[in-house]
Student: 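If you scroll down you'll find the structure; I have some questions about it.
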Amino acid sequence: MPRTPNASRRCTRTTPRPAADRQPHAARRSHPVPSHPIPPPSTQQWAEELERRLGSPWDEESPLSLARGARLDEEERFPQEAIQSLHALGLPEFYIPTEYGGRFESYEQLLLLARLLARRDLTVTVSSSTLAWSTLTWLGGTDAQKRRQAAFLRAGHSPCLAYSEEAHGADLLSGATTARRVAGGYRITGEKWPINRATRGEGYMVLARTDPLGGPRGLSLFMLDKAQLEPGTHAPLPRVPTVGVRGCDISGVRFTDCLARDDDRLGPEGGGLELALKALHITRALCSGLALGAADTGLRTTLNLARGRRLYGDTVFAIPSVSRACADSFLDGLVADAVAQTVLRGVHVAPERFAAWSAIAKYFVPSLSERAFQRLTAVQGARFYMRDRHDWGAFQRFYRDNLLIGIFDGSAPVNLHSLGLQLRALCQGTLKGTGVPDLDARLENLFTLSQRVPPLDPQRLDLVARGPDEVFLGLPDAVQRLEGQVGHLDESHRGVLLALARCLIKEQGAHAQAVLQLATRAGRAFATSPELFDLARRYAVLFSAASCLHLWVRNARTQGGFFEAGAWLILALSRLLREAGSLDAPEPPPGLYDSLTSELVRRHDARQLFSLQPLQVA
Ligand SMILES: Cc1cc2nc3c(=O)[nH]c(=O)nc-3n(C[C@H](O)[C@H](O)[C@H](O)COP(=O)(O)OP(=O)(O)OC[C@H]3O[C@@H](n4cnc5c(N)ncnc54)[C@H](O)[C@@H]3O)c2cc1C
């Protein structure tokens, strides 16, 4: 049963206490102290160390094992022990910037972390993902608030995000929760629902109306610590039974004249919506990590089945349609990885474009993982429908839980709409062909995976992306680089790859023209036109193809092996161009799937992630 800490207590209001009077977090409650936190090496090293510490998800003794996950899911039980073991490994430190004593350096790092946890258990990952809402404080808080946030997380506490309301869904501007001005602060009244960890979290990040008339400047954001709130002024709403992530605390909160002090407000009064959306852009992009991790386990457990089970005198995997389905799902994962890495590096390198890029990642990466799962159901066959067979029924659980990723933090239609609204300015800028004076340096930093990205500059984040899109503006340069780098490829592969890359430039130009034509034709109806969704979808697909190409030309030599051989790139470009509606994209030469299939089998045997850069997992 969820805790109901304040539901039955009497409401007693007091005058606000100054912040200095508040008790330090660590002294208030006993939480596991990170006794053996992971030491600070490179991202790749700590990721592999995390894997070693957590052990294989197939090992029943691991705190985040598939077996435990299945048991807790059946019992719809909150994974408290697993979360505590992550805290003991120092997980909160990865959400605290280095200048506040933590380990957070880049969102690329959090993407990998989300991926490694999600491949084990989405209930645990979704429950612990609320730590990422500290982003609101890092973006909009004062130095004192940032110190408070760091202490809160370090004490093992988690905030929840209280944006949504039952009556208003994605329409945040219509939110009815109010924050009424009183001496020294505000009184918050209203209900937020459905909220992940509303009951079990130790704090709230609340979006509330500070101007009764509402409007874009009528909302403010508050960071509230439950331990500091007056009893009886906030009460949990009942837990909502969900289709997947069945152990998660999906509930809500009712505020009744709940006092938020002035120093609980993040950013200026009326600046809440802007801050809320900027942070949402970051967290929605981070959802890519959840989809990548879930898809990895979906594919791994399917390979366990297909390579272990024998039919007709050979393995199931030997059936050509089965190995093709697995290879296609591997390809989906590689494309999704390219998009996710581009976007999460992009928030540091080109924050001006992030409002659009994050919508692309949130729409397309979960779509790709859903597609991969759907394809693999045919390989799983009857076992897909059984809850306790084959790897403790992991496939059906991850398939089901993965569906949530396309819904929360902005659903697929909401993200396509958000992207669509930015298309006109983006395409106008890209067609003009100028406007990024340091384009070469940006592309080099964005796509060279061995380069560190700069620290995030929140001042450069915007609610809408304007101007040219570097990823498309840099395409001619990428094609030129490609021409100089394909010498080692088989002649037929070389020709097709170059033709696909040139076709991508052509399709992107045609798409940009189509956007401007719709804008002229539809006039004021552009923003609500159903065609806008298709154009946004095509933009996301072409962006993904361009990301694959940029990543290849800047990393093939250093990555070598499967990455450099380029079969995956040819197959990815061919598939994505067709998906974008191209009639000119050449067919990939025969035999390319052999390379994909043998790499898939090699990674499965070697226990490496099905990612662009192979990473050792437990
Ligand atoms: C498990 C779970 C956990 C959640 N956790 C949290 C949380 O921690 N904090 C939080 O604040 N919220 C949370 N939510 C709420 C979530 O973010 C909701 O998706 C959000 O409130 C939108 O509401 P809705 O999906 O009900 O859609 P509504 O906003 O009611 O919209 C209904 C439908 O209209 C269409 N639509 C709406 N807007 C657009 C648009 N702009 N363009 C095109 N079509 C559109 C879509 O098809 C949409 O599905 C959670 C939800 C779930 C399921």
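Residues take their numbers from the sequence shown, with the count starting at 1. Since the model is a prediction, treat every value here as computed from it, not as a measurement. Indexing begins at 1, ligand by ligand and atom by atom, following the structure's order.
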Student: Could you tell me whether Ile195 and ligand 1 have an N or O pair separated by under 3.5 Å?
Tutor: no
Student: Quick one: nearest non-hydrogen protein atom to atom 13 (C) of ligand 1, plus distance?
Tutor: Pro194 O, 2.9 Å
Student: Of all the non-hydrogen atoms in the protein, which one sits nearest to atom 28 (P) of ligand 1, and at what distance?
Tutor: Ala170 N, 4.0 Å
Student: So which heavy atom in the protein is nearest atom 38 (N) of ligand 1, and how far is it from that ligand atom?
Tutor: Val414 CG2, 3.6 Å
Student: Treating Thr125 as the side-chain partner and Ala118 as the backbone partner, does any N or O pair qualify as donor plus acceptor under 3.5 Å?
Tutor: yes
Student: Among all the protein's non-hydrogen atoms, which is closest to atom 43 (C) of ligand 1, and how far away is it?
Tutor: Phe533 CZ, 3.6 Å
Student: Between Phe222 and Arg265, is there a cation-pi geometry (under 6.0 Å to ring centre, at most 45° from the normal)?
Tutor: no
Student: Do me a favour and list the nearest non-hydrogen protein atom to atom 49 (O) of ligand 1 with residue, atom name and distance?
Tutor: Ser411 OG, 4.7 Å
Student: Atom CZ of residue position Arg254 - does it have more than 12 heavy atoms of other residues, nucleotides or ligands inside 6.0 Å?
Tutor: no
Student: Looking at Arg387, I want to see if its CZ is surrounded by more than 12 non-hydrogen atoms of other residues, nucleotides or ligands under 6.0 Å.
Tutor: no
Student: Check the surroundings of atom CD in Glu76: do more than 12 heavy atoms from other residues, nucleotides or ligands lie under 6.0 Å from it?
Tutor: yes
Student: Quiz question for you: does at least one protein heavy atom lie closer than 4.0 Å to atom 41 (N) of ligand 1?
Tutor: yes
Student: Look up atom 7 (C) of ligand 1 and tell me if a protein heavy atom lies less than 4.0 Å from it?
Tutor: yes
Student: What atoms of ligand 1 come within less than 4.0 Å of a heavy atom belonging to Leu161?
Tutor: 7 (C), 8 (O), 9 (N), 10 (C), 11 (O)
Student: Is there a polar contact, in the sense of an N or O pair closer than 3.5 Å, between Ala162 and ligand 1?
Tutor: no
Student: Starting from atom 44 (N) of ligand 1, what is the nearest protein heavy atom, named by residue and atom, and what distance separates them?
Tutor: Pro413 CB, 3.7 Å
Student: Ignoring hydrogens, tell whether any protein atom lies closer than 4.0 Å to atom 31 (O) of ligand 1; use the non-hydrogen atoms only.
Tutor: no
Student: Are Tyr363 and Phe533 close enough that their ring centres sit under 6.0 Å apart?
Tutor: no
Student: With a cut-off of 4.0 Å, which atoms of ligand 1 are near a heavy atom of Asn196?
Tutor: 5 (N), 6 (C), 7 (C), 8 (O)
Student: Is atom 15 (C) of ligand 1 close to the protein, meaning a heavy atom under 4.0 Å from it?
Tutor: yes
Student: Answer yes or no on whether Arg424 is positioned over the face of Phe526, meaning its NZ or CZ is under 6.0 Å from the six-membered ring centre and within 45° of the axis.
Tutor: yes
Student: Does Val124 form a side chain to side chain contact (heavy atoms under 4.5 Å, CB included) with Arg120? I'd like the steps, not just the answer.
Tutor: CA-CA 8 Å; Val124 174; Arg120 295 161 179 280; over 6 Å; no
Student: Does a side chain donor of either Tyr186 or Glu269 reach within less than 3.5 Å of an acceptor in the other side chain?
Tutor: yes
Student: Given Cys248, which partner from the list Leu122, Asp73, Thr242, Val126 fulfils the side-chain contact (heavy atoms from CB on, under 4.5 Å) test?
Tutor: Val126
Student: Measure the distances from the heavy atoms of Asp409 to every atom of ligand 1 and state whether one is below 4.0 angstrom.
Tutor: yes
Student: Using a 4.0 Å cutoff against the non-hydrogen atoms of Leu404, which atoms of ligand 1 qualify?
Tutor: 1 (C), 2 (C), 53 (C)
Student: So which of Leu224, Thr233, Leu259 actually passes side-chain contact (heavy atoms from CB on, under 4.5 Å) with Ile188?
Tutor: Leu224
Student: Please indicate whether any nitrogen or oxygen in Tyr163 is less than 3.5 Å from any nitrogen or oxygen in ligand 1.
Tutor: yes
Student: Does the plane of the ring in Phe395 sit parallel, tilted or perpendicular to the ring in Phe384? Use 30° and 60° as the thresholds.
Tutor: perpendicular
Student: What protein heavy atom sits nearest atom 10 (C) of ligand 1, and how far off is it?
Tutor: Ser164 OG, 3.3 Å
Student: Closer than 4.0 Å to some heavy atom of Ile407 - which atoms of ligand 1 meet that?
Tutor: 19 (O)
Student: Going by the angle between their ring planes, with limits at 30° and 60°, are Tyr399 and Phe373 parallel, tilted or perpendicular?
Tutor: perpendicular
Student: Do any nitrogen or oxygen atoms of His417 lie less than 3.5 angstrom from nitrogen or oxygen atoms of ligand 1?
Tutor: yes
Student: Might you check, step by step, whether the distance between atom 26 (O) of ligand 1 and some protein heavy atom is under 4.0 Å?
Tutor: no
Student: Atom 23 (O) of ligand 1: which protein heavy atom is closest, and how many Å away?
Tutor: Gly169 CA, 3.5 Å
